[in-house]
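Fair warning: this is a prediction, and the values are worked out from it, not measured in the lab. In what follows, every chain begins at residue 1, and chains take the letters A, B, ... in the order their sequences are listed.
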There are 2 protein chains.
Amino acid sequence: MTDTFVSNPSFFKLDATLKKLRNYWQKQFDAKQKDITVDQWLLVENLYKHKKTTHNELARNTSKDITTISRIIELLVRKGLVQREADSVDRRKVYLQLTPAGVEKYKDVKPMVHDMRKVGWKGLSEQDYNELTRILDTIYENVP
Amino acid sequence: MTDTFVSNPSFFKLDATLKKLRNYWQKQFDAKQKDITVDQWLLVENLYKHKKTTHNELARNTSKDITTISRIIELLVRKGLVQREADSVDRRKVYLQLTPAGVEKYKDVKPMVHDMRKVGWKGLSEQDYNELTRILDTIYENVP
DNA sequence: TAGCAACAGTTGTTATAGCAACTATTTTGC
DNA sequence: GCAAAATAGTTGCTATAACAACTGTTGCTA
């Protein structure tokens, strides 16, 4: 591994690419008046897949801090997209799930997201996807 | 391009990797009491390279919003690492440059950053770096 | 079983991200 | 030349990120 290679700013490139994607997604959401943020969407998507989870699980699944989850969920509850349900056994636990309106929102927004993912991958192959995954996973595992 | 491929959450992976890196860097900075944040560091690094620039240039170079630059610079000025200088011709313009303390900070922190970059790339080759660059650049260009 | 550690979640604080609206200049177009 | 448009930067606002400190609950262990 050469020195020039190490000093190259991949951090910057990751950051720039992610911001570009995030802005694109947000602008499309806004243009279609979906009344949702990118990170709120990520939680809705996750809740749709897992039906019923806790704050902790959501945090693990989305790579977000539990305090961030707490605050985003509060916003989603206020919007009527998510409902809380107390665990009858463990009174510390709160289960989270989409309301019918939340499921509606998911189905409404999902096609846009699919199209936007397509846009990002234009001109890239499935092998490129595998390479990207491999490299990012390696970096992720390397970092303590 | 298959459908499963498109629906795979690369956004999530980018986000997770970047957070892991950012947290690692920040914890190392804190552990060595460098009294600086990751994004503040990125601006210091950029100002070291470019010696004398404006808010606008910094925003372009770092892929940050100009309002964000404005606020980070304010913090760096308060810490005594950056100084502002008015343009004598165009009175709207403000030139930014590192103070001697800012240059010191750069030289103090730089070796850590170099080592941390090395840690992230462990087990990856220069070709991997080129692949990552190519793929991220393609995505970046794809997104409007 | 009393005490305490561990766990689930919330709240306070500081920093970054980005949009809108603002001031103050400079440039453009007629 | 002068009004309008463009440019440089700041400020207000809301959202996300992360740490510390907090409440309340459960589990462990002497």
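Each of B:Lys64 and A:Thr67 has a nearest nucleotide on DNA chain C; the 5'-most of these lies closest to A:Thr67. Taking for each of B:Asp39 and A:Ser70 the nucleotide of DNA chain C with the nearest heavy atom, the 5'-most of the two is the partner of A:Ser70.
Among the protein residues, A:Ile69 comes within range of no part of the nucleic acid, since none of its heavy atoms lies under 4.0 Å from any strand. Counting any heavy atom pair closer than 4.0 Å across all strands shown, B:Arg22 reaches no nucleic acid atom. Looking at heavy-atom distances under 4.0 Å, B:Thr68 makes contact with a base. Residue contacts shown for A:Val38 are absent, as no nucleic acid heavy atom lies under 4.0 Å away.
Side-chain atoms of A:Thr67 and A:Asp65 include a donor-acceptor pair closer than 3.5 Å. Inspection of the B:Asp128 and B:Ser125 side chains reveals an N or O donor paired with an N or O acceptor under 3.5 Å. Looking at A:Lys34 and A:Gln28, their side chains never bring a donor and an acceptor atom within 3.5 Å of each other.
Put simply, CD on B:Gln26 is 11 Å from P on D:dA20, counting in whole angstrom units. The NZ atom of B:Lys93 sits 9 Å away from the P atom of C:dT27 (whole-angstrom rounding). Rounded to an integer number of Å, the gap from B:Asp90 CG to C:dA24 C1' is 11 Å. Across the protein-nucleic acid pair, A:Asn56 atom CG and D:dT25 atom C1' stand 14 Å apart, rounded to whole Å. When rounded to the nearest whole Å, the span between CG of A:Asp65 and P of C:dT16 equals 17 Å. Atom CD in B:Glu74 sits roughly 11 Å away from atom P in C:dA15 (whole-Å rounding). For the pair B:Lys19 NZ and D:dA17 P, the computed distance is 4 Å after rounding to whole Å. A straight line from CD of B:Glu85 to C1' of D:dA8 spans 16 Å, rounded to a whole angstrom.
Within 3.5 Å, no donor on the side chain of A:Arg91 pairs with an acceptor on the base of D:dT25, nor the reverse. On a pure distance criterion of 3.5 Å, a polar donor-acceptor pair joins the side chain of B:Arg71 and the base of C:dG18. If you check distances only, the side chain of A:Thr37 never reaches the base of D:dA15 with a donor-acceptor pair under 3.5 Å.
Side-chain contact between B:Arg117 and B:His114 is absent, with no heavy-atom pair separated by less than 4.5 Å.
Closest approach to the A:Arg92 side chain among D:dG24, D:dT10, C:dT16 is made by D:dG24 (side chain taken as heavy atoms from C-beta onward). Comparing C:dT10, D:dA15, D:dT26 against the side chain of A:Leu75 picks out D:dA15 as the nearest.
Rounding to the nearest 0.5 angstrom, the gap separating the CG atom in B:Leu124 from the CZ atom in A:Arg134 is 6.5 Å.
The backbone N or O of A:Asp35 lies less than 3.5 Å from a partner atom in the side chain of A:Lys79, making a donor-acceptor pair.
Pair assignment for D:dA15 gives C:dT16, based on Watson-Crick or G-U wobble hydrogen-bonding distances that are each under 3.5 Å.
Listed pair B:Asn23 / D:dA17 fails the phosphate criterion, with no side-chain N or O lying under 4.0 Å from OP1 or OP2. A close approach under 4.0 Å does not occur between any side-chain nitrogen or oxygen of B:His55 and OP1 or OP2 of D:dT7.
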